[in-house]
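Every number for a ligand or one of its atoms is a count from 1 in the order of the listing.
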Amino acid sequence: MALVVQKFGGSSVKDAEHVMNVADIVTSTYKNGNQVVVVVSAQGDTTDDLIDKAKEINPNASKREMDMLLSSGEQISASLLAMAIEKLGYPVVSLLGWQAGFLTTTTYGNARIKRVNPERIRKELDKKNIVIVTGFQGVNRYDDMTTLGRGGSDTSAVAIAAAMHADLCQIYTDVEGVYTADPRKIPGAKKLDEITYDEMLELATLGAQVLHNRSVEMAKKYHIELEVLSSLTRKPGTIVKEDIKVEKMLINGVAKDDNIARISVIGVPDKPGLAFKIFSKLSAKNINVDIILQSIGRNGTKDISFTVDKDKMDAAVELLNSYIEVIGATGLVTDSNVAKVSIVGAGMESHPGVAADMFEALFSANINIQMIATSEIKISVLIDKQEGARAVQAIHAKFFEMND
Ligand code: ADP
Ligand code: ASP
Ligand code: MG
């Protein structure tokens, strides 16, 4: 008997028909002699709709109350799925995050899972129940509901799989697996049979929303193999694991992130310690900086540019505005009309020329590069937001569609 964790995203439970389809998948797994723990997200666009509802009443609602509201979306799908499974004649129980033992940090809206105490889930499995758990939520040390950040249900599923040493963790979604680019935007995108944790982590962090990046981090840490697959076609999906059998692909994906902004500090005195001062100021306020570019000093000054998450831009500007005079810089320029386009692949480590190919694709499409950042397994460029979709297309065509 195996213990299987199955997670279903919002599109997989969006209406009654889809909920019945999920009930069918879950009960088939149970019928085959497995113990099944199911993690569900809120139906369809429920989370977005709840955010809109809150904004109508109070755009500055406290994060605590937002979590009270947002965690309700998952409660609806968990109970509806349990009812669907009852209808099919199987024993089932649905549990909220706190009932399932999810203890989180106190940060409302973006809490991290500290521990999963799966005692109650175990008891229910021993009673032969199928157990449905609400994804995306837990409880903090004040006994308040918290949520895990957008897309966080994937992480809930992996956390249960890790805490219970599950044999299999399946992430069901609305596409057939992880592709070389978003298959909804790039028709030529190809499904990958396998991908390593490290590559998937980069892709997820760089904008491929198919998996929550923290779920991949956790899967790697606890050696949980993930399968990403479609709840509609039920074909084999993509396996995410430590090592893959096939030869390393040069690159295995292109991702885009629009959710960023560029900030430039202009006329910074060209002397030691100023980058330290600027970035330590930002880090003290928990503002994460991504791509950094410093110009060569000229006439005793230089410019330092960097990117931040778009929702941190105002806080960063406020902080630096009051600081640039202190450090002797002359001004601040911001641009939220940018996108970061990245390629990821472990194979690029040993292949020179990958960056040149990427830049050639952009040049051929007449797209200007504002900033570049590289690591062993990724290359990112910052470009004009309007060019984002064309850039992904051009780069994808260069690496994946040449020999079609
Ligand atoms: P769920 O509701 O099941 O959690 P999400 O909407 O969070 O689903 O993630 C699935 C979506 O991720 C797909 O519909 C697809 O448009 C998008 N996506 C972006 N990049 C990729 C990629 N490289 N491979 C697969 N899907 C991707
Ligand atoms: N319902 C939450 C969201 O929309 C969590 C999730 O879907 O994973 O972000
Ligand atoms: Mg998701």
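Other residues, nucleotides and ligands contribute over 12 non-hydrogen atoms within 6.0 Å of the CZ atom of Arg234.
At least one heavy atom of Gly177 sits closer than 4.0 Å to an atom of ligand 1. Heavy-atom separations between Gly135 and ligand 2 are all 4.0 Å or longer.
Those atoms of ligand 2 that come under 4.0 Å of a heavy atom in Gly151, given as number and element, are 3 (C), 5 (C), 6 (C), 8 (O), 9 (O). Using a 4.0 Å cut-off to heavy atoms of Pro183, the atoms of ligand 1 that qualify are 24 (N), 25 (C), 26 (N), 27 (C). In summary, the atoms of ligand 1 found under 4.0 Å from a heavy atom of Val178, numbered by their order in the structure, are 24 (N). Counting atoms of ligand 1 from 1 in the listed order, those under 4.0 Å from a heavy atom of Thr173 are 1 (P), 3 (O), 8 (O), 10 (C).
Using a 4.0 Å cut-off between a side-chain N of Lys or Arg and a carboxylate O of Asp or Glu, Glu124 and Arg120 qualify as a salt bridge. A salt bridge between Lys310 and Asp257 is absent, with no side-chain N of the basic residue lying under 4.0 Å from a carboxylate O of the acidic one.
When only non-hydrogen protein atoms are considered, atom 7 (O) of ligand 2 lies nearest to Ser41 OG, 3.4 Å. Among all non-hydrogen protein atoms, the one lying nearest atom 6 (O) of ligand 1 is Gln209 NE2, 3.2 Å. Protein heavy atom at the shortest distance from atom 2 (O) of ligand 1 is Gly10 N, 3.2 Å. What sits closest to atom 24 (N) of ligand 1 on the protein, heavy atoms only, is Tyr179 N, 2.9 Å.
With sequence neighbours excluded, the residues that form a side chain to side chain donor-acceptor pair (under 3.5 Å) with Thr104 are Thr146.
Among Asp182, Asp154, Val228, the residue whose heavy atom sits closest to atom 21 (C) of ligand 1 is Asp182. The option with the heavy atom closest to atom 9 (O) of ligand 2, from among Arg150, Gln209, Glu74, is Arg150. Nearest residue to atom 8 (O) of ligand 2 from Gly44, Gly149, Ser153, Ala42 is Ser153 (criterion: closest heavy atom).
Here the side chain of Asp335 pairs no donor or acceptor atom with the backbone of Arg262 at under 3.5 angstrom.
Only the side chain of Arg184 comes within 4.0 Å of ligand 1, judged by heavy-atom distances. Contacts with ligand 1 closer than 4.0 Å are made by side-chain heavy atoms of Lys7 only, the backbone lying farther away. The backbone of Ala181, and not its side chain, has at least one atom closer than 4.0 Å to an atom of ligand 1 (non-hydrogen atoms only; backbone = N, CA, C, O).
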